[in-house]
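First the structure, in the form of structure tokens, and then the observations on it.
In this chain, numbering begins with 1 at the start of the sequence shown.
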Amino acid sequence: MPPYDPSAFPPFAVTVDLVVLTVRRHALCTLVVRRGEAPFQGRWALPGGFVRAEEDLGAAAARELVEETGLCAHDPAAPPPVPSNGAHLEQLATYGAPDRDPRMRVVSVAHLALAPDLPAPRAGGDANSARWAPVEELLGEDVLAASSTTGGAPGGTGAAASAGSAALAGDDADAGDDEKKAGPGALAFDHARILADGVERARSKIEYSSLATAFCPPEFTVGELRRVYEAVWGVSLDPRNFHRKVTGTPGFLVPAGGTTTRQGGRPAQLFRAGGATLLNPPMLRPEV
């Protein structure tokens, strides 16, 4: 065989980009950073960075997750409870269009991270600022609806999504106007496509897996879990039907042995995630 000549192939870089999703004020939000350097200086982007020479992809994604959010990737095989700073992290997809980065050929391996309501982020690296932005604000209703056609239900267009976005806008009232506005087309590179793919992955997986509990604290009420489904799917759900489904699905939830009034009203029973990873029957998205 002829000797292998590395110089015969053009060099390219490998990055990891993170779609970090959380639910804040009943709205599905993602972490974005404002780029402080070219290319796309001043534009919002998903957090991420170049893979180091000694790293594999999972280690690079976990490192970026810690640097950007302070969260540690949680091993799904580890027994409960999930650490307070633990987050679900999984590989999403690979993006390698030749012109996706004007600097050089860059292949990105995107990862999806899910975690409960998180505090205000701090910018680092080459970012000027960072914020939690409603997904609906970044992608627009049309893109979100199109991304969810596989599941058969529109996303980001329901009352739950609109109310959540309004509530979050009030939560960010102290931020400057430039910080709050990041409409469709505001994301750098191909990050709008990556974000849309990440949102659809989350929407699909909470139908047939227990992944929705990754958005919740270790102990949560059925009402809090329902609001996760409403925020991720962008629809309103009937409380009684939802309670019947989730408590009747084997292994989905187990009683935590206490109650809480943190949502107001009468004490609500606390649950934690059960041992089931797949839901049977699944929690299907409602047709709207």
Side-chain angles (χ1 to χ4, degrees), residues 15-50 64-65 67-69 92-93 95-97 99-103 106 108 110-114 118-148 154-158 161-203 231-232 234:
T15 63
V16 289
D17 288 312
L18 300 179
V19 178
V20 185
L21 297 179
T22 192
V23 176
R24 303 188 80 211
R25 296 293 185 91
H26 312 317
L28 181 64
C29 298
T30 191
L31 179 64
V32 290
V33 297
R34 191 186 292 279
R35 290 185 56 81
E37 300 176 359
F40 302 104
Q41 185 174 6
R43 295 272 293 277
W44 293 105
L46 299 175
F50 288 92
E64 288 289 341
L65 183 65
E67 292 177 357
E68 298 289 352
T69 67
L92 175 62
Y95 302 84
D99 58 350
R100 63 178 303 274
D101 191 316
R103 294 170 292 187
V106 177
S108 177
H111 287 69
L112 175 66
L114 309 177
L118 298 172
R122 295 182 180 180
D126 63 352
N128 276 341
S129 57
R131 66 183 287 252
W132 293 106
V135 168
E136 182 182 22
E137 172 189 309
L138 293 170
L139 297 180
E141 294 183 357
D142 293 340
V143 175
L144 282 175
S147 73
S148 63
T157 60
S162 298
S165 296
L168 189 70
D171 188 41
D172 290 343
D174 292 336
D177 290 341
D178 191 44
E179 290 290 302
K180 291 188 289 183
K181 295 178 180 177
L187 291 176
F189 303 103
D190 53 358
H191 288 185
R193 177 190 172 191
I194 297 175
L195 175 58
D197 290 347
V199 170
E200 179 54 27
R201 169 74 68 86
R203 284 175 168 167
V232 176

Separation between CG (Asp101) and OH (Tyr95), nearest 0.5 Å, reads 16.0 Å
Smallest heavy-atom separation, Ser108 atom then Asp17 atom, equals OG-OD2, 2.6 Å
Distance col, row Glu200:CD vs Leu92:CG, nearest 0.5 angstrom, shows 11.0 Å
Do Leu31 and Trp132 make a side-chain contact, defined as non-hydrogen atoms from C-beta onward lying under 4.5 Å apart?
yes
**Asked** Do Glu68 and Val33 have side-chain heavy atoms sitting under 4.5 Å apart?
**Response** yes
For Ala231 and Leu28, the nearest pair of non-hydrogen atoms, with its separation, is O-CB, 3.6 Å
Closest non-hydrogen contact found for Ala113 with Leu65 is CB-CD1, 3.9 Å
Separation between CG (Asp197) and CG (Leu112), nearest 0.5 Å, reads 10.5 Å
Notebook entry, point to check: Does a side-chain heavy-atom distance below 4.5 Å link Ile194 with Phe189?
Noted result: no
Notebook entry, point to check: Got His191 and Trp44 here, is their nearest side-chain heavy-atom distance under 4.5 Å?
Noted result: no
>> Would you say that more than 12 heavy atoms from the other residues, nucleotides or ligands in this model lie under 6.0 Å from the CZ of Arg100, or not?
In response: yes
Heavy atoms of Ala186 and Arg43 approach each other most closely as O-NE, 3.1 Å
Side chain to side chain contact (heavy atoms under 4.5 Å, CB included) test vs Val32 passes for just one of Leu138, Val20, Leu195, namely Leu138
Note: Arg34 and Gly42 closest approach over all heavy atoms is NH1-O, 2.7 Å
> Any side-chain heavy-atom pair from Val199 and Arg203 closer than 4.5 angstrom?
Replying inline: yes
ask   = Side chains of Pro47 and Glu64: closer than 4.5 Å at any heavy-atom pair?
value = no
inquiry  = Can a donor-acceptor pair be found, under 3.5 Å and without considering hydrogens, that links the side chain of Arg35 to the backbone of Ala188?
reply    = no
Quick one: are Leu18 and Leu46 in side-chain contact, heavy atoms under 4.5 Å?
no
